[in-house]
Amino acid sequence: MSKRSLGGLAAAAMVVLSGRVLAAWEHNLPEPVSPATKEIFNLHMLTATIALVIMVIVTAIIVYALWKFRKSKGYEADQNFHKGWFGTWAWVLVPVVVLGIDMSVAGKASKVFDLVEDTSTPDMTLKVIGSQWKWTYEYMDEGIRLVSSLNRDRKTNDPLYLHDVDNPVVLPVNTRIRLLHTATDVLHAWWVPALAYKKDAIPGYINETWTIIEKEGTYRGQCAEICGGGHAFMPIVIKAVSKQKYAAWVKEKKLAAAAALAEASSGKVWTRDELFSKGEAIYKANCVACHQANGQGVPNVFPALAGSKVATGDIKVHLDTVIHGRPGTPMAAWGGQLNDLDIASVVTYERNAWGNDTGDAVQPGDVKAAR
């Protein structure tokens, strides 16, 4: 088979195999729904369009040159090209063209940067705290605290696998929201492309972004900073609702928090089965990412709880570890995040799961005394 025939077959194969790629040409950044992300999207499209035009022009010139001045037609290279007008002034013309293109983008980009750094007075403030590997949200004006972790009930064939959470963030539309970003352990980055631009969450430091969500709906994002082995398990889900629905949600959350606090301080003596059941749910929501569902932990990173000295030893040590954490280790202090009943339940679960079988039932009063 001739080289020309082989070339024709290769070209045909490329056209056929590229069909799947061409079918997905519409893939782009998500539809922006806030002022800042709209401007960022427009800037992205401007630069992408300029790049496409440049690519087409340069490719056309290269193809023309290869065809017009090919050796098979007897063309010989001009050894004095650099002495001609174009050869002399191209060194000036090309940088001027490039600078002109850069300036056309820079003017637009400058306006976008000004918008991104706008610090106008917000209508509400949401503090976003990144941890390995979950997000904690504090509604500063409402006194609501929400822990959002990966929804591990999604199967691998589910379109929302690794993209869903147990507690989505609820935010009102047409409201200027200030977002305060920080972290408890390593660098994270809270990013929802449709409604908020990326900014790092740094331990011991607070970064600020803002958004105004202009359209109701569900928006998804992801931690955009490689934060460790569980980086892929930190999705973000935002539910944007009307101001009326948001007010109703806030009321419901406050009532639920008050009820949980009353239940925790009621003085009731809980059975081990009741504590175990509650503790399992709390463990799955807050602890499973590090210590794993089977309690085996992550070797050389997070210790196993199954058969551990902490989970089978002195209850006071176990409570102290959960309440106050372990300084210098990834073990966070949960005393400020969970109430007495929650901590009593999860400690009871850890002391009776995975074959630990201590038979212990830790009561909320024990936690209160350990604080």
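Note that the structure is predicted; figures quoted are calculated from it, not measured.
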- [ ] Only pairs at least two apart or in different chains count here, so list each salt bridge (Lys or Arg N to Asp or Glu O under 4.0 Å) that has a residue in residues 279-300.
- [x]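 Every salt bridge (Lys or Arg N to Asp or Glu O under 4.0 Å) pair that includes a residue of residues 279-300, provided the two are not neighbours, is Glu280-Lys284.
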
Among residues at least two apart in sequence or on other chains, which ones pass salt bridge (charged side-chain N to carboxylate O under 4.0 Å, His left out) with [X]?
X: Glu117; value: Lys199
X: Asp123; value: none
X: Arg371; value: Asp340
X: Arg178; value: none

N-O pairing of [X] and [Y] below 4.0 Å:
X: Asp164; Y: Arg220; answer: yes
X: Lys254; Y: Glu142; answer: yes
X: Lys155; Y: Asp153; answer: no
X: Lys108; Y: Glu39; answer: yes

Does [X] sit in a hydrophobic cluster with other residues, and if so which ones, taking ILVMFWY side chains as linked at heavy-atom separations under 4.5 Å, directly or through other members?
X: Leu341; answer: Trp270, Leu275
X: Met331; answer: Phe276, Ile282, Tyr283, Val288, Leu305, Ile315, Leu319, Val322, Ile323, Trp334, Leu338, Ile343, Val346, Val347, Tyr349, Trp354, Val362, Val367
X: Met140; answer: none
X: Ile206; answer: Leu180

Open item on the list: Can a donor-acceptor pair be found, under 3.5 Å and without considering hydrogens, that links the side chain of Thr59 to the backbone of Val56?
Closed with: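 Not at all, since once roles are kept as given, no pair shorter than 3.5 Å links the two residues.
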
Task: For His44, side chain to side chain donor-acceptor pair (under 3.5 Å) partners two or more places apart - done: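 Side chain to side chain donor-acceptor pair (under 3.5 Å) check on His44 returns Asn28.
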
Task: Non-neighbouring partners of Phe302 that pass ring-ring contact (aromatic ring centres under 6.0 Å, His included), sequence neighbours left out - done: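 Phe302 satisfies ring-ring contact (aromatic ring centres under 6.0 Å, His included) with Trp133 once adjacent residues are dropped.
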
Open item on the list: The criterion is ring-ring contact (aromatic ring centres under 6.0 Å, His included); which residues satisfy it with Tyr161, sequence neighbours excluded?
Closed with: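 Checked Tyr161 against ring-ring contact (aromatic ring centres under 6.0 Å, His included); zero matches.
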
Task: Donor-acceptor pair between Thr348 and Ser345 side chains, under 3.5 angstrom - done: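 There is no such pair between these side chains.
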
Open item on the list: Is a donor from one side chain sitting under 3.5 angstrom from an acceptor on the other, for His318 and Glu350?
Closed with: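 Yes, side-chain donor-acceptor contact under 3.5 Å.
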
TODO: Show your working on side chain to side chain donor-acceptor pair (under 3.5 Å) between Asp273 and Thr271 and close with a plain yes or no.
DONE: CA-CA 5 Å; Asp273 289 342; Thr271 67; 5.5 Å; no

TODO: Examine Phe86 together with Trp91 and report whether their ring centres are nearer than 6.0 Å.
DONE: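 When the ring centroids of Phe86 and Trp91 are compared, they turn out to be at least 6.0 Å apart.
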
